[in-house]
**Q** 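My structure is below; once you've seen it, I'll send some questions.
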Amino acid sequence: MNYVELARGQAAQIIADAYRKACENGLLPQCDLPAPIIEIPKDLSNGDYASTFAMRNSKALGKGAPAVAQAICGCAELEGSFFSEVSAASNGFINLRLSHLWFEKALLAIHEEGENYGRSTQENPLNIMVEFVSANPTGPMHMGNARGGVLGDALAEVLSRVGHRVTREFYVNDAGNQIDKFARSIEARYFQLIDGEDSLVFPEDGYQGEDIKVLAALYRDMHGDALKNEPAEKRLEALGEFGISQNLPKMKLELERYGIVYDNWFYESSLYSSGAVERAMDALVQSGHTYESEGALWLKTTDFGCEKDDVLRRANGFYTYFAADIAYHSEKLGARGFDIAIDVWGADHHGHVARLKAALDALGLDGARRLEIVLMQLVRLTRNGEVVRMSKRTGKAIALNDLLDEISVDAARYFFSSRAADTHLEFDLDLAVRQNSENPVYYVQYAHARCNSILKNLSADGIETNPQNAGLNLLVDPAEADLIRELAQLPEEIRLAADSRDPSRLTKYATQVAAALHRFYTECRIKEAEEELRTARIYLINCVATVVKNTLSAFGVTAPDHM
RNA sequence: GUGCCCGUAGCUCAGCAGGAUAGAGCAACUGCCUUCUAAGCAGUAGGUUGGGGGUUCGAGUCCCUCCGGGCACGCCA
């Protein structure tokens, strides 16, 4: 149950009713006004909720905002609501104060819902696919993939928590030029192993990493030198397939270590073998938005507001990556039955967004609305203040696995979750490794450990620590009220994270809950409190533990019982 | 050159749909452990929200412009 939403709704209703009553009493003129906006002020000294109704409508009502606010307050009926007090501020704000009933109800809901607290349902649940990471299987994953991984995973999680049906997918780019490049790189290393360093010139645009040498050596160990005398085409195919067959399981393991498990791994190559690419291209030709020029097949993306048209099939007869991507996404939104497809992409692909949407629009799939791209700014990796370029081609990428050897999965996931996708993220390796207790993740986890520790301690003294619904009306200390207000916020935070496609706000929320707990812990004793109050505080502590755990689990971070 | 993203405290960043006195963490300084975990709490100091215009009762938030940084503009993926 979302008590923030409930209170907000009640407040809006109270003010709307009060306005109607003020009109009947001749205090205010009858106008057609928009629904009152209710906000939670930063500074709670004036009230728990506030409305800007008077300021917003003072012009329409022909009266000053303070006068409007006073008229509203005079007519407001609080009976049966969660509010105990309504007042007009001199600048026109209408302030409402929550009654203790609200605090008690909010706590009861947390305990009742337990690990489901924070979840909600949709009237019309959507079938949503979140596709993320989709790193090229040509080498180990880097920091950008690490960021995209938690972002996509957490996004999928919050979407499912608000009641949608969510599928996590990894798109395996096992076709196209970069695979050819990959195969030629392994080939060069393979020949170097057999015939010495100068046997075959290393491709200029090849993959330089050590992992390529390892793959070549592994292939030779397993299959010998026979491939050397095969035709080049057959050799490259064998080496490319071998490389992918080695890399892909490693990537799966790496992602699992990182806490990410996909529902489905979708292979680009399957789009060709299933005929999906052909079908999509035929459909595009049927749509009338294509033409042939200089031997190539073009899509008129300019029909949909793009700056220039794009090639679908090259003059050499091969389809472009764009063509495969159109086929892939038309399958998602068509045959595979997803209402919405969300892709998490690196910002370096942003130029691709408009034309993919355009292509889907041409196919009648409403790409403008049903395809959502979350663009993630690239991670700038620095070491000793120096920028480290992250590319698989140069072999200088820092692997996700290497990072996880240095810091915990929890620390890595929290760090990458803590900033919105569109912020430029700087990741200092030395700092990350050193960060330990300075990392906010420990601050939050400590809050959970503290709750548990208190309960364990009390339990050892023979005190009942299972939540007992009694004395909740005694929780009136400001530190207790602040804490409960924070706890009540979780369902709202998850809803906002899902709606705005931005789970990073939950790390900020987690920090706020932890801060409120730590303040409460300092201000309010539990062990020495009088029995009824102690019982109520034990109830509260149990709720805090639930909320911290449910928040951290949204981005895959654990809530330890002790630290 | 064109398009997208960013610019808030010394550093890393919040600021929800325009609202009351712009907030956290780190770093600095001052206090708080014989009492439930000090991985904590309280306090001090730190700001022309990149500059300049505009919109209005009100702008960090919206619009324009300039400055600075990142990314992209392939018959690569």
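Below, chain A is the first sequence line, B the second, and so on; all start at residue 1.
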**Q** Rounded to whole Å, please give me the gap between CD in A/E39 and P in B/U61.
**A** 17 Å
**Q** Could you give the distance separating B/G7 and B/G51 at their C1' atoms, to the nearest angstrom?
**A** 12 Å
**Q** Which residues satisfy the salt bridge (Lys or Arg N to Asp or Glu O under 4.0 Å) test with A/D461, sequence neighbours excluded?
**A** A/K527
**Q** Report, one pair per line, the protein and nucleotides 33-36 of chain B atoms (nitrogen or oxygen only) whose separation is under 3.5 Å.
**A**
from: B/C36; atom 1: O3'; to: A/N457; atom 2: ND2; distance (Å): 3.1
from: B/C36; atom 1: O2; to: A/K527; atom 2: N; distance (Å): 3.2
from: B/C36; atom 1: N3; to: A/I526; atom 2: N; distance (Å): 3.2
from: B/C36; atom 1: N4; to: A/Y521; atom 2: O; distance (Å): 3.0
from: B/C36; atom 1: N4; to: A/C524; atom 2: O; distance (Å): 2.9

**Q** To the nearest Å, give me how far apart CG (A/L271) and P (B/A77) are.
**A** 14 Å
**Q** Using atom types as modelled, flag every donor-acceptor pair under 3.5 Å from a side chain in residues 481-493 of chain A to any protein atom, sequence neighbours excluded.
**A**
from: A/D482; atom 1: OD1; to: A/R485; atom 2: NH2; distance (Å): 2.8
from: A/R485; atom 1: NH1; to: A/D48; atom 2: OD1; distance (Å): 2.4
from: A/E492; atom 1: OE1; to: A/N2; atom 2: ND2; distance (Å): 3.0
from: A/E492; atom 1: OE2; to: A/R495; atom 2: NH2; distance (Å): 3.3
from: A/E493; atom 1: OE1; to: A/R505; atom 2: NE; distance (Å): 3.0
from: A/E493; atom 1: OE1; to: A/R505; atom 2: NH2; distance (Å): 3.2

**Q** For RNA chain B, whose closest nucleotide is more 5', that of A/G351 or that of A/N91?
**A** A/N91
**Q** Any base atoms under 4.0 Å from A/A354, or only sugar-phosphate, or nothing? Heavy atoms, all strands.
**A** nothing
**Q** Going by the glycosidic torsion and a 90 degree boundary from 0, is the base of B/C33 oriented syn or anti?
**A** syn
**Q** Whole angstrom is fine here: how far is it from CG in A/L356 over to P in B/A72?
**A** 19 Å
**Q** When we call it a touch if two heavy atoms are under 4.0 Å apart, what does A/K308 touch: a base, just sugar-phosphate, or nothing?
**A** sugar-phosphate
**Q** How would you label the contact of A/S58 with the nucleic acid (heavy atoms, under 4.0 Å): base, sugar-phosphate, or nothing?
**A** nothing
**Q** Quote, to the nearest angstrom, the P distance that separates B/A20 from B/C13.
**A** 25 Å
**Q** Output the pairing pattern of RNA chain B as a dot-bracket string, 5' first, Watson-Crick or G-U wobble with both distances under 3.5 Å, | for cross-strand pairs, [ ] for crossing pairs.
**A** (((((((..((((.....[...)))).(((((.......))))).....(((((..]....))))))))))))....
**Q** Sequence neighbours left out, cut at 3.5 Å: what donor-acceptor pairs do the side chains of residues 55-62 of chain A make with other protein atoms?
**A**
from: A/R56; atom 1: NE; to: A/T52; atom 2: OG1; distance (Å): 3.0
from: A/N57; atom 1: ND2; to: A/F53; atom 2: O; distance (Å): 2.9

**Q** Salt bridge or not for A/D343 and A/K332, using N-O below 4.0 Å?
**A** yes
**Q** Find the distance A/R314:CZ to B/C76:C1' and express it as a whole number of Å.
**A** 8 Å
**Q** Rounding to an integer number of angstrom, what distance separates B/G47 and B/C41 when you compare their C1' atoms?
**A** 26 Å
**Q** Would you mind reading off the distance between A/R419 atom CZ and B/G7 atom C1', rounded to a whole angstrom?
**A** 15 Å
**Q** A/Y328 vs A/F266 aromatic rings, parallel, tilted or perpendicular, using cut-offs 30° and 60°?
**A** tilted
**Q** Distance between the P atoms of B/U35 and B/A28, in whole angstroms?
**A** 27 Å
**Q** Name the pairs: protein N/O against N/O of nucleotides 1-6 of chain B, kept only if under 3.5 Å.
**A**
from: B/G3; atom 1: N2; to: A/H350; atom 2: NE2; distance (Å): 2.7
from: B/C5; atom 1: O2'; to: A/Q377; atom 2: NE2; distance (Å): 3.4
from: B/C5; atom 1: O2'; to: A/D422; atom 2: O; distance (Å): 3.0
from: B/C5; atom 1: O2; to: A/H424; atom 2: NE2; distance (Å): 3.0
from: B/C6; atom 1: OP1; to: A/D422; atom 2: OD2; distance (Å): 3.3

**Q** Considering residues at least two apart in sequence or located in another chain, which fulfil the salt bridge (Lys or Arg N to Asp or Glu O under 4.0 Å) criterion with A/R413?
**A** A/D153
**Q** Are a donor atom and an acceptor atom from the side chains of A/D410 and A/Q445 found within less than 3.5 Å of each other?
**A** yes
**Q** Let me know the distance between CE of A/M376 and C1' of B/A72, rounded to the nearest Å.
**A** 15 Å
**Q** Rounded to whole angstrom, note down the C1' distance from B/U49 over to B/C62.
**A** 16 Å
**Q** Would you mind classifying the nucleic acid contact of A/A296 as base, sugar-phosphate or nothing, using non-hydrogen atoms under 4.0 angstrom?
**A** base
**Q** I'd like the P distance from B/C71 over to B/G52, given in whole Å.
**A** 29 Å
**Q** Could you check A/I40 against A/I94 and say which one's nearest nucleotide on RNA chain B is further toward the 5' end?
**A** A/I40
**Q** How are the rings of A/H352 and A/Y321 set to each other: parallel, tilted or perpendicular (split at 30° and 60°)?
**A** tilted
**Q** I need the OH-P distance between A/Y321 and B/C73, as an integer number of Å.
**A** 13 Å
**Q** Choose from B/A14, B/A77, B/C75 the nucleotide whose nearest atom is closest to any side-chain atom of A/K508.
**A** B/A14
**Q** Mind checking side-chain hydrogen bond (donor to acceptor under 3.5 Å, both in side chains) for A/R313 and listing every partner two or more places apart, or none if nothing turns up?
**A** none
**Q** Check side-chain hydrogen bond (donor to acceptor under 3.5 Å, both in side chains) between A/T522 and all other residues, then give those that pass, not counting sequence neighbours.
**A** none
**Q** Can you sort out the partners of A/R184 under side-chain hydrogen bond (donor to acceptor under 3.5 Å, both in side chains), two or more places apart, ordered by chain and number?
**A** A/D180
**Q** Roughly how far apart, to the nearest Å, are B/G23 and B/G43 at atom P?
**A** 13 Å
**Q** How would you list, by chain and number, every residue that makes a side chain to side chain contact (heavy atoms under 4.5 Å, CB included) with A/E372, sequence neighbours excluded?
**A** A/I340, A/I342, A/R501
**Q** If you measure from the ring centre of A/Y443 to the centre of the six-membered ring in the base of B/G25, is it under 5.5 Å, with the planes under 30° apart?
**A** no
**Q** Crowded around A/F318 CZ? As in, over 12 foreign heavy atoms under 6.0 Å?
**A** no
**Q** To the nearest Å, give me how far apart NZ (A/K42) and C1' (B/U21) are.
**A** 9 Å
**Q** Rounded to whole angstrom, note down the P distance from B/A59 over to B/G3.
**A** 29 Å
**Q** Would you classify A/R355 as touching base, sugar-phosphate or nothing, given that sugar-phosphate means primed atoms plus P, OP1 and OP2, and contacts are heavy atoms under 4.0 Å?
**A** base
**Q** If you check every side-chain atom of A/N177, which of B/C71, B/G19, B/A77 has the closest atom?
**A** B/A77
**Q** Listed by chain and number, what are the side chain to side chain contact (heavy atoms under 4.5 Å, CB included) partners of A/P478, not counting sequence neighbours?
**A** none
**Q** For A/A324, report the nucleic acid contact type (base, sugar-phosphate, nothing); a contact means any heavy atom under 4.0 Å.
**A** nothing
**Q** Taking N and O atoms by type only, does the side chain of A/D499 place a donor or acceptor under 3.5 Å from a partner on the base of B/A17?
**A** no
**Q** Counting the atoms with a prime plus P, OP1 and OP2 as sugar-phosphate, which does A/D461 contact under 4.0 Å by heavy atoms, base, sugar-phosphate, or nothing?
**A** nothing
